[in-house]
Amino acid sequence: MLSFDITDRHIRIIRGTENHGKIKVSDAHTIDVAEGLIVNGHIKDIPKMATIINTELKNKKMADKEAVISISSNLIIFKELHIPKAKGAQLLTMVQNQMQHTMGIADDYSISYTIAGEVEEEGVQAMKVLATACPFEVVDCFRKVFSMLGIALRSVVVSCNSISRIILSDAKSKAKMPMLLVQIDPNFVSLNLYENGQLTFSRFASIDPEDYDNSEDYVFEAVNENIFRMFQFQKSRNGDNPIQNVVFYGDTSEYIRLTNALEQMDIATSIISVPNSVGGYENFEFKEYANAIGAMFRSNKDTERINLIEVDAAAGRTSAGASFAFSVLGAVVISAAIVGAVWLFGNIQKNNHDAKTLKIQEYLDSPEVAAQIAAVDAAQDKLDRVNDVKEVIDTAYTNYNSLPVFNTEVIKNLEANFEGMDVTWTELSFGDGVMSVVCLAADHNEPAAVVENMIEQDIFDNITYTGFEFKDEEGIVAYEFQIDFEIREVEEETEDAEETADAE
């Protein structure tokens with residue numbers, strides 16, 4: 001299956017499989033989109049867009065028959081609603097009706113929702129729902145593109161819902177809540193607030209250098225401004241539960257500067273981590289393709305209805321629109337004209353068909369056919385069990401070959417980042433591919449410099465630095481800091497390399 005994360009200037013594509021809540025990625029690629037081809041999620045030239053995608057898929061040999069999409073647009077409306085308890089189609093209808101009433105929008109919006117908990121209003125329990133309303137035209141233009149490509153479009157979801165599947169499947173992320181997740185892009189900032197294991201608020205803001213006096217630092221300024229607004233928003237709605245953790249993904253080139261700014265407010269920062277349910281991400285930057293990966297997870301219809309294709313179908317809306325209704329009406333008129341002739345011909349043929357049907361049924365009910373069917377069912381059952389065992393073995397083999405290795409080479413690479421500085425490490429720990437190192441530095445500028453060196457070194461993943469602490473005890477006067485990072489998974493060795501390693 002293909003998964004697309006589509007914004008106004010980029011299309012990020014992954015090819016992978018989903019199996020029992022596990023995602024395995026086999027390939028990833030990014031298409032840069034010319035300015036003006038997509039505006040606020042609306043495709044201005046559908047044939048051209050289909051041609052661009054088709055060319056890239058062929059060049060990268062990423063063809064597939066099915067696809068899912070994650071979309072972003074500042075035309076999408078986010079709203080928290082309180083809905084009487086309901087389920088299924090009834091709940092979806094209530095959400096759609098209340099969104100149309102409270103937001104003053106017409107029925108030309110595709111409305112989805114996620115359940116974010118419960119509230120009590122005047123002694124009555126109600127459901128707290130985070131609803132999204134996306135213009136139907138935005139969804140429909142993607143339907144048309146993939147129809148031209150000949151690819152079955154299974155799902156269209158808003159990016160806040162696709163990334164939530166990543167966050168809510170990761171125990172480490174749940175432990176950081178209330179948490180602010182920030183996606184950074186030169187053209188927008190997307191912010192999602194998570195509390196008590198749920199997405200509770202989402203905000204998408206387009207950014208432009210002109211809004212910041214054409215400053216070269218406009219991305220940094222825009223991210224800072226929007227994070228501060230979210231802090232104030234959370235303080236006003238839940239002052240006893242302030243945001244303590246900010247997690248970044250997307251374009252994280254300003255991560256160190258943002259971390260230094262947020263540390264002054266006692267806010268911990270990190271880069272989005274890869275959950276255990278995702279594999280095959282070693283050859284690309286997970287933080288850039290997280291939305292596309294999240295879109296591949298299956299949704300839980302007990303707590304959410306986020307597939308805009310499904311909610312459109314439930315609302316009786318199709319991409320054909322009025323022309324479809326006109327076609328149906330024409331078909332009814334034509335059918336009425338010929339039904340008499342068809343009935344007459346059918347009545348003549350009926351007796352012949354009944355005799356043939358009876359003869360075929362007698363054959364199917366014979367003991368010989370029943371024995372053959374039983375044998376085929378037994379063989380298929382054995383084959384299914386063999387395939388299940390093979391899948392488990394293949395998964396175990398892949399996991400074993402991709403285990404990260406902690407050895408002297410890792411320590412050597414780590415210490416290379418201390419060169420020219422008065423920095424030493426005092427503690428090392430390693431588990432599940434994650435390494436933690438505690439260091440002492442003589443100068444307060446050296447911790448950030450070490451982290452910057454590690455990023456430039458580009459041999460470790462998910463580097464997390466939460467600041468330093470001045471230490472003056474037992475004759476030690478230094479700045480103590482801790483860095484957490486992941487050791488990249490090893491490449492699968494050739495047979496000759498394995499034999500050499502065994503010999504050594």
Side-chain angles (χ1 to χ4, degrees), residues 5 12 14 16 22-30 163 165-167 169-173 175-176 179 181-184 245-259 268-294 296 398-418 425 428-439 447-467 481-493:
D5 176 26
R12 291 188 168 86
I14 64 168
K22 301 284 187 179
I23 301 295
K24 180 67 175 179
V25 180
S26 59
D27 201 1
H29 181 59
T30 294
I163 193 62
R165 298 175 180 180
I166 297 287
I167 297 301
S169 67
D170 185 15
K172 294 179 181 178
S173 296
K176 297 178 181 179
M179 178 188 80
L181 178 69
V182 182
Q183 181 185 6
I184 306 175
N245 292 278
V246 176
V247 177
F248 295 99
Y249 76 109
D251 180 358
T252 57
S253 56
E254 297 288 354
Y255 174 69
I256 299 297
R257 294 179 63 196
L258 290 167
T259 295
T269 65
S270 60
I271 294 176
I272 191 171
S273 59
V274 185
N276 294 331
S277 55
V278 177
Y281 58 88
E282 298 79 14
N283 296 323
F284 64 93
E285 288 289 347
F286 173 81
K287 61 181 180 292
E288 295 180 1
Y289 291 85
N291 286 340
I293 293 174
M296 294 191 71
T398 301
N399 292 341
Y400 175 79
N401 283 338
S402 63
L403 283 174
V405 179
F406 175 45
N407 52 28
T408 55
E409 184 68 20
V410 172
I411 298 177
K412 180 180 178 181
N413 289 333
L414 172 64
E415 291 178 337
N417 296 291
F418 302 160
W425 59 267
L428 285 174
S429 60
F430 177 75
D432 295 331
V434 178
M435 184 173 181
S436 296
V437 57
V438 178
C439 305
V450 171
V451 175
E452 190 168 352
N453 287 346
M454 292 180 69
I455 293 174
E456 292 178 355
Q457 192 180 32
D458 194 29
I459 60 175
F460 299 117
D461 290 327
N462 296 327
I463 302 168
T464 303
Y465 161 62
T466 57
F481 63 98
Q482 178 175 324
I483 303 174
D484 300 328
F485 56 92
E486 294 183 1
I487 302 172
R488 285 187 181 166
E489 295 185 3
V490 298
E491 298 292 337
E492 188 171 347
E493 295 179 331

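Quantities reported herein were computed from a predicted structural model and do not represent experimental measurements.
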Pair Ile483-Val450, side chain to side chain contact (heavy atoms under 4.5 Å, CB included): steps then yes or no: CA-CA 9 Å; Ile483 303 174; Val450 171; 3.8 Å; yes

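- For Ser26, there are no side chain to side chain donor-acceptor pair (under 3.5 Å) partners, not counting sequence neighbours.
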Would you please test Val451 and Ile256 for side chain to side chain contact (heavy atoms under 4.5 Å, CB included) and show each step? CA-CA 8 Å; Val451 175; Ile256 299 297; 3.5 Å; yes

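- For Ala292, the side-chain contact (heavy atoms from CB on, under 4.5 Å) criterion is met by Ser3, Asp5, Ile14, not counting sequence neighbours.
- Residues Val25 and Phe284 have side chains in contact (heavy-atom distance under 4.5 Å, counting atoms from C-beta outward).
- For Gln457 and Asn417, the side-chain atoms include at least one donor-acceptor pair closer than 3.5 Å.
- In this structure, the side chains of Val182 and Val246 come closer than 4.5 Å at one or more pairs of heavy atoms.
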Take Phe460 and Val410, measure what side chain to side chain contact (heavy atoms under 4.5 Å, CB included) needs, and give me the verdict at the end. CA-CA 9 Å; Phe460 299 117; Val410 172; 4.1 Å; yes

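- In the model, Ser270 has no side-chain atom that pairs as donor or acceptor with a side-chain atom of Asn245 under 3.5 Å.
- The salt bridge (Lys or Arg N to Asp or Glu O under 4.0 Å) search around Lys287 returns Glu285, not counting sequence neighbours.
- Counting only heavy atoms from C-beta outward, the side chains of Thr464 and Phe485 never approach each other to under 4.5 Å.
- Remark: Glu288 engages no residue in a side chain to side chain donor-acceptor pair (under 3.5 Å) (not counting sequence neighbours).
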One pair to check against side chain to side chain contact (heavy atoms under 4.5 Å, CB included): Ile271 and Tyr255. What are the steps and the verdict? CA-CA 8 Å; Ile271 294 176; Tyr255 174 69; 3.8 Å; yes

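- Within the structure, salt bridge (Lys or Arg N to Asp or Glu O under 4.0 Å) contacts touching residues 448-458 (residues at least two apart or in different chains) are Asp458-Arg488.
- Under the 3.5 Å distance criterion, with hydrogens and angles disregarded, no donor-acceptor pair is assigned to the side chains of Asp484 and Tyr465.
- Here Ser277 pairs with Lys22, Ser169, Pro275, Phe297 under the side-chain contact (heavy atoms from CB on, under 4.5 Å) rule; sequence neighbours left out.
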What do the steps show when you test Gln183 against Asp251 for side chain to side chain donor-acceptor pair (under 3.5 Å), and what is the final call? CA-CA 8 Å; Gln183 181 185 6; Asp251 180 358; over 6 Å; no

